[in-house]
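Chain naming here is simple, since letters A, B, ... match the order of the sequence lines and numbering starts at 1 in each. Every value quoted in this text rests on a predicted model; they were computed, and no experiment measured them.
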Amino acid sequence: MPIPNHDVAAIFSKVADLLEIKGENPFRVRAYREAARTVSGLSQSVADLLKEGRDLTELPGIGKDLAGKIEEIVTTGRLTLLEDLTQQIPGELTELMKVAGLGAKRVARMYQELNIRSLDDLRQAAEQGRLAELEGFGDKTQTKILEEVKRLRRDQTHRTLLAIAAQYAQPLMDHLGKAKGVKDLIIAGSYRRRRETVHDLDILATCKRGSTVMDHFVKYDEVKEVVSHGKTRSTVLLRSGFQVDLRVVPQVSYGAALVYFTGSKPHNIAIRKRAVRKKLKINEYGVFRGNGRIAGRTEEEVYDTLGLPWIPPDLRENRGEVEAAEQGTLPTLVELGDIQGDLHVHTNYTDGRHTIEQMARAAQKRGYKYLAIADHSQRITVAHGLMPKALREQIEQIDRLNDRLKGFVVLKAIEVDILADGRLDLPDEVLKELDLRVCSIHSKFNLSRTEQTERVLRAMDNPYFNILAHPTGRLIGERDAYDLDMERIMEHAAANGCYLELNAHPERLDLDDNHCRMAKNKGLKVVVSTDAHRMDDLAYMVYGVGQARRGWLEADDVLNSRNLKDLRTLLRR
DNA sequence: GCCGTTTTCGGCCCGACTGTTTTCAGTCG
Ligand SMILES: Nc1nc2c(ncn2[C@H]2C[C@H](O)[C@@H](COP(=O)(O)OP(=O)(O)OP(=O)(O)O)O2)c(=O)[nH]1
Ligand SMILES: [Mg+2]
Ligand SMILES: [Mg+2]
Ligand SMILES: [Zn+2]
């Protein structure tokens, strides 16, 4: 198996940390960090890109040197530079940088002066009071570090699913809304960019007297600890350990502050660089020419001073959106309101909670025009997968229901299991009675890349194959994607009139944003489906659309933004 | 280490909060 991108990225991150601890040029450090980010954001593995003979220096932030290093990692599985570095200083020092409040400088000094290499060394030094004796360190710093070391062991430091963060956000926003003098109040950061996971909530408020909001903020019931509490910025930890940052600025700075706090950091740097070229300065208070503020009240104003149209937050990752804005080629992103129906839901025929009719009515209430019932097929016994007989019953029931529904159609579908050899789990004469077939893998995740890919390609060769559901099988933070040649799969799908799903379940979001963009570039439409197992789950659509938007998809790129007639045409193979 | 509507060398985004400091370094957003 070729080395996955996240392993390449991890090597570059480690190199960046070690170079920083060594006190190397910070911009060289940044170059490695950026390279790590670029590589992990690719939809194809660098190993494949190299095999295709692609020139990696075309990637942003990758020059001759880094391209060579990627090649070294791919071909040898190792990086000499990293090995040299770990000869000079212990590799485990990078673990210490995970302690909040410890950066490269402090880690370096603790190692040089106290020979601290591990979290255990650090805890002991702090407990024995040796840390406070270092110049520039004091009692408070020592206590704080000790607490953070303990926290690191106790709390998980994982990123939080967007949907979970939304649950934290709602009551907190209600609380903040009640503060005296609050004008604007909005969640920015990765949450606003609709990333699949977030590290924290970044909330922006405008207010005449900022300190009132700040004081109100830190008094929130759920706050376990106030990490910092300033005039314009505060950070707290909620009981769960989840972090929330609040930034308060005057109203004239709302737009500039929103741009700043929405990020991403690389996007901010990119537009600030542009500003510098124009002899302007951008910060969170506005756009300045000399000492004069020339913009800041709205985001549009800020982008306008740079000669750019407003850029949707979902795109602000410095993945080409600034250049697209400049050339006037930004996509008109798909919106929730474009979605005409859901093509993958379950019912109580298998492991769903509600009846066909309940699901249909709930879908209609969301403004949809159609809904595809796609229960599991027979092999999935744990989910009471449907045998042909049960499926025929369901088909009849749907026919009867459709007679009663007005302006809405329930489509007959199945989530048919793709067997290990690429056959589908139901005979063709059963499949052909359905309006569409959603096909997916639920077993044998460990096949080799070639075998797994062939399995899916063979399945697509069945003329009844329509949609590949949750194509990579990943579960965010739980299970990696199975090894697949997504390039071949997408090309095969496009060539054979098949589609790939973007499963909108917050734990799946599969295809992810990068794969969506890859699909779009291959002219392959994506189907955004919730895989709902109960009526409420239909609301997951918003997360799917968020991911689609991050993947630069327009309504046209999303199959279920079509009306029923066009949908049926497009499903025909 | 990367990169170029000033540049192939010399820049690289800009500011808040904290602690320990007598003027700012370090970390973080
Ligand atoms: N200009 C500038 N802005 C930054 C920098 N670091 C962070 N920001 C801005 C952009 C970020 O999106 C925003 C919030 O910072 P966070 O650390 O919370 O990052 P973000 O929310 O993007 O991702 P996260 O999911 O929290 O890891 O603050 C920086 O170094 N420079
Ligand atoms: Mg954040
Ligand atoms: Mg933050
Ligand atoms: Zn399903």
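- Among the candidates A:Leu238, A:Leu237, A:Leu172, A:Val236, the single residue satisfying the side chain to side chain contact (heavy atoms under 4.5 Å, CB included) test with A:Glu222 is A:Leu238.
- Of all non-hydrogen atoms in A:Leu258 and A:Ala188, the two that sit nearest each other are CD1-CB, 4.0 Å.
- Within 4.0 Å of A:Asn25, counting heavy atoms only, lies at least one base atom of the nucleic acid.
- For the atom pair A:Lys224 NZ and A:Phe242 CZ, the distance stands at 13.0 Å (nearest 0.5 Å).
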Report task. Might you work through the side-chain hydrogen bond (donor to acceptor under 3.5 Å, both in side chains) test for A:Thr57 and A:Asp55, ending with a clear yes or no? Result -> CA-CA 5 Å; A:Thr57 64; A:Asp55 179 8; 2.8 Å; yes
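- Across B:dC12 and B:dT6, the matching C1' atoms stand 16 Å from one another, rounded to whole Å.
- Contacts of A:Glu24 with the nucleic acid, taken as non-hydrogen atoms under 4.0 Å apart, are absent.
- Residues A:Leu96 and A:Met110 share a closest heavy-atom pair of CD1-CE, 4.5 Å.
- Across B:dG1 and B:dT7, the matching P atoms stand 25 Å from one another, rounded to whole Å.
- Looking at A:Thr80 and A:Glu72, their side chains do bring a donor and an acceptor atom within 3.5 Å of each other.
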Distance-only check: which donor-acceptor pairs under 3.5 Å involve side-chain atoms of residues 318-332 of chain A, not counting sequence neighbours?
unit_1   : atom_1 : unit_2   : atom_2 : d
A:Arg319 : NH2    : A:Asp513 : OD2    : 3.3
A:Glu321 : OE1    : A:Asn318 : N      : 3.1
A:Glu321 : OE1    : A:Arg319 : N      : 2.7
A:Glu321 : OE2    : A:His267 : ND1    : 2.7
A:Glu321 : OE2    : A:Glu317 : N      : 3.2
A:Glu321 : OE2    : A:Asn318 : N      : 2.5
A:Glu326 : OE1    : A:Arg274 : NH1    : 3.2
A:Glu326 : OE2    : A:Arg274 : NH1    : 3.3
A:Thr329 : OG1    : A:Ala324 : O      : 3.3

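- Of all the residues in residues 220-234 of chain A, A:Ser228, A:His229, A:Gly230, A:Lys231, A:Thr232, A:Arg233 reach under 4.0 Å from DNA chain B with at least one non-hydrogen atom.
- Contacts classified as salt bridge (charged side-chain N to carboxylate O under 4.0 Å, His left out) and involving residues 77-94 of chain A (residues at least two apart or in different chains) are given here: A:Arg78-A:Glu83.
- The stretch residues 268-282 of chain A comes close to DNA chain B through A:Ile269, A:Arg272, A:Lys273, A:Val276, A:Lys279, A:Lys281, A:Ile282, each having a heavy atom under 4.0 Å from the strand.
- Using a 4.5 Å heavy-atom threshold, the side chains of A:Ile282 and A:Phe288 count as separate.
- Aromatic ring pairs are classed by plane angle as parallel below 30°, tilted from 30° to 60° and perpendicular above 60°; the pair A:Phe12 and A:Tyr32 is perpendicular.
- Both A:Ile62 and A:Asp200 sit near DNA chain B, but only A:Ile62 has its closest nucleotide nearer the 5' end.
- Within the nucleic acid shown, A:Glu284 comes within 4.0 Å of sugar-phosphate atoms alone, with no base atom in reach, counting heavy atoms only.
- One distance of note links CD1 of A:Ile311 with OG1 of A:Thr262; it measures 12.0 Å at 0.5 Å rounding.
- Under a cutoff of 6.0 Å and an axis angle of 45°, A:Arg117 and A:Tyr111 do not form a cation-pi pair.
- Across all strands shown, B:dA25 pairs with B:dT18; the Watson-Crick or G-U wobble distances both stay below 3.5 Å.
- Between A:Glu135 and A:Tyr32, the one whose closest nucleotide on DNA chain B sits nearer the 5' end is A:Tyr32.
- Checking side-chain atoms of A:Asp17 against main-chain N and O of A:Lys14 turns up no donor-acceptor pair under 3.5 Å.
- Rounded to the nearest Å, the gap between the P atom of B:dC13 and that of B:dT20 is 31 Å.
- Residue contacts shown for A:Arg30 include a base, since a base heavy atom lies under 4.0 Å away.
- Counting 5' to 3', DNA chain B first comes under 4.0 angstrom of a heavy atom of chain A and last does so at the ends given by B:dG1 to B:dG29.
- At a threshold of 4.5 Å between non-hydrogen side-chain atoms, the residues A:Leu280 and A:Val276 do not count as touching.
- Of the residues in residues 103-130 of chain A, A:Gly103, A:Ala104, A:Lys105, A:Arg106 come within less than 4.0 Å of DNA chain B through at least one heavy atom, sorted by number.
- Nucleotides B:dT21 and B:dT27 place their C1' atoms 16 Å apart, quoted to the nearest Å.
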